[in-house]
Amino acid sequence: MPVYTVHEPPRRDDEIVAHTARFQFVRDGFHWWALLLTPFWMLRYRMWLELIVYLGLIAGITYGLDRLGVGDSAGPWVALLLSLLVGLEASSLRRWKLARRGFENLGVVIGEDLDIAERRFFDGWVMQGRRPVAPAAPSPFEPPGGEPRAATDIVGLFPQPEARA
């Protein structure tokens, strides 16, 4: 089943229904349209910066291959490989663009299609009080139980000096 990441836009002064209509669900995985029609796919999702970088890479690689004299034979292969890379990383490019625009990543939802994934996410979102609560990651400085360490704990193989009897 497809996996979607859920992104919440920055809050505006509007009601909750209008706010939730702007949520973005980004499907993880390979995107065929990003492979086949890379520049148009980037324009469709308003990825201006990514399009400029892509076109700059194509122009630079084409110029370099022409200078080496292999532009006619290697050029199409390089363009295909670059489009393949965009197809593989299309979801990451969209997530990066949303993060630049201030969208907050709320989590991951799994569904057979986009409608089911949206339904599953918003059902859980409403049950948790209009805002999903992600479990807090444990601090690397606290023991797993959440209890503070005693002063006489053994570190590694060496006991505390005052612990000897």
Side-chain angles (χ1 to χ4, degrees), residues 1-140:
M1 272 197 270
V3 176
Y4 296 88
T5 55
V6 183
H7 303 270
E8 180 182 17
R11 193 75 179 158
R12 293 183 189 165
D13 295 333
D14 55 2
E15 61 183 33
I16 192 75
V17 175
H19 179 65
T20 57
R22 291 191 317 262
F23 277 39
Q24 294 287 316
F25 288 76
V26 179
R27 183 181 59 85
D28 201 22
F30 187 79
H31 291 261
W32 283 101
W33 290 116
L35 166 72
L36 298 174
L37 301 169
T38 303
F40 299 112
W41 181 85
M42 289 180 177
L43 287 173
R44 191 246 183 264
Y45 288 106
R46 298 180 182 165
M47 295 184 184
W48 313 117
L49 182 60
E50 293 84 350
L51 179 64
I52 291 168
V53 170
Y54 173 78
L55 293 176
L57 277 173
I58 290 291
I61 291 172
T62 302
Y63 176 75
L65 291 175
D66 284 342
R67 294 285 291 174
L68 293 173
V70 293
D72 293 338
S73 61
W77 291 106
V78 172
L80 177 68
L81 289 175
L82 194 55
S83 292
L84 179 65
L85 179 65
V86 171
L88 289 170
E89 295 297 327
S91 301
S92 297
L93 290 171
R94 284 194 61 202
R95 283 190 287 269
W96 184 53
K97 182 201 78 155
L98 291 172
R100 281 193 336 254
R101 292 184 56 206
F103 280 64
E104 180 184 352
N105 188 345
L106 295 181
V108 176
V109 65
I110 299 172
E112 294 172 4
D113 61 3
L114 180 60
D115 292 334
I116 293 172
E118 286 177 349
R119 176 77 177 212
R120 185 173 288 168
F121 171 76
F122 285 118
D123 285 346
W125 194 64
V126 168
M127 291 183 127
Q128 293 177 359
R130 300 265 189 243
R131 180 102 174 141
V133 178
S139 170

query: So do the side chains of Tyr45 and Leu98 get within less than 4.5 Å of each other, counting heavy atoms only?
result: no
message: To check you understand the geometry: which heavy-atom pair defines the closest contact between Pro76 and Asp72, and what is its length?
response: CD-O, 3.7 Å
task: Apply side chain to side chain contact (heavy atoms under 4.5 Å, CB included) to Tyr54 and Met47, showing your working.
output: CA-CA 10 Å; Tyr54 173 78; Met47 295 184 184; over 6 Å; no
task: Only pairs at least two apart or in different chains count here, so list each salt bridge (Lys or Arg N to Asp or Glu O under 4.0 Å) that has a residue in residues 73-96.
output: Asp28-Arg95
message: Can you give me the closest heavy-atom contact between Gly111 and Met1, atom names plus distance?
response: C-SD, 3.9 Å
query: Do you know which two heavy atoms are closest between Asn105 and Val6, and how far apart they sit?
result: OD1-O, 3.3 Å
query: Just wondering, do His19 and Arg12 contact through their side chains at under 4.5 Å, heavy atoms?
result: no
task: Using the six-membered ring wherever Trp is involved, compare the ring planes of Phe121 and Phe25 and label them parallel, tilted or perpendicular (cut-offs 30° and 60°).
output: perpendicular
- prompt: Between Leu35 and Ser83, what is the shortest heavy-atom contact and its length?
  reply: O-CB, 3.5 Å
message: Counting C-beta onward and ignoring hydrogens, is there a side-chain heavy-atom pair between Ser91 and Arg27 closer than 4.5 Å?
response: no
message: Using 0.5 Å steps for rounding, measure from the CZ atom of Phe103 to the CD atom of Glu8.
response: 9.5 Å
- prompt: Taking the six-membered ring for Trp, are Trp125 and Phe122 parallel (under 30°), tilted (30 to 60°) or perpendicular (over 60°)?
  reply: perpendicular
field: Trp77 side chain near Leu80 side chain, heavy-atom distance below 4.5 Å
entry: yes
message: Quick check: closest heavy atoms across Arg101 and Pro10, and the distance to 0.1 Å?
response: O-CG, 3.7 Å
query: Is Arg44 close to Leu37 at the side-chain level, that is, under 4.5 Å between some pair of heavy atoms?
result: no
field: Spacing of CG belonging to Leu93 relative to NE2 belonging to His31, to within rounding of 0.5 Å
entry: 9.5 Å
task: Working to the nearest 0.5 Å, report the span between CD1 of Ile61 and CG of Leu65.
output: 7.0 Å
Between NZ on residue Lys97 and NE2 on residue His7, distance to nearest 0.5 Å: 10.5 Å
- prompt: When rounded to the nearest 0.5 angstrom, what distance separates CD in Glu50 from CG in Leu57?
  reply: 12.0 Å
- prompt: So do Leu43 and Trp48 actually touch side chain to side chain, heavy atoms under 4.5 Å?
  reply: yes
- prompt: Is the shortest heavy-atom distance from the side chain of Leu49 to the side chain of Arg100 under 4.5 Å?
  reply: yes
- prompt: Would you say Tyr4 and Val108 make side-chain contact, with heavy atoms under 4.5 Å?
  reply: no
- prompt: Heavy-atom count around Phe30 CZ within 6.0 Å, excluding the residue itself: above 12?
  reply: yes
query: Would you call Asp123-Arg119 a salt bridge at under 4.0 Å N-O?
result: yes
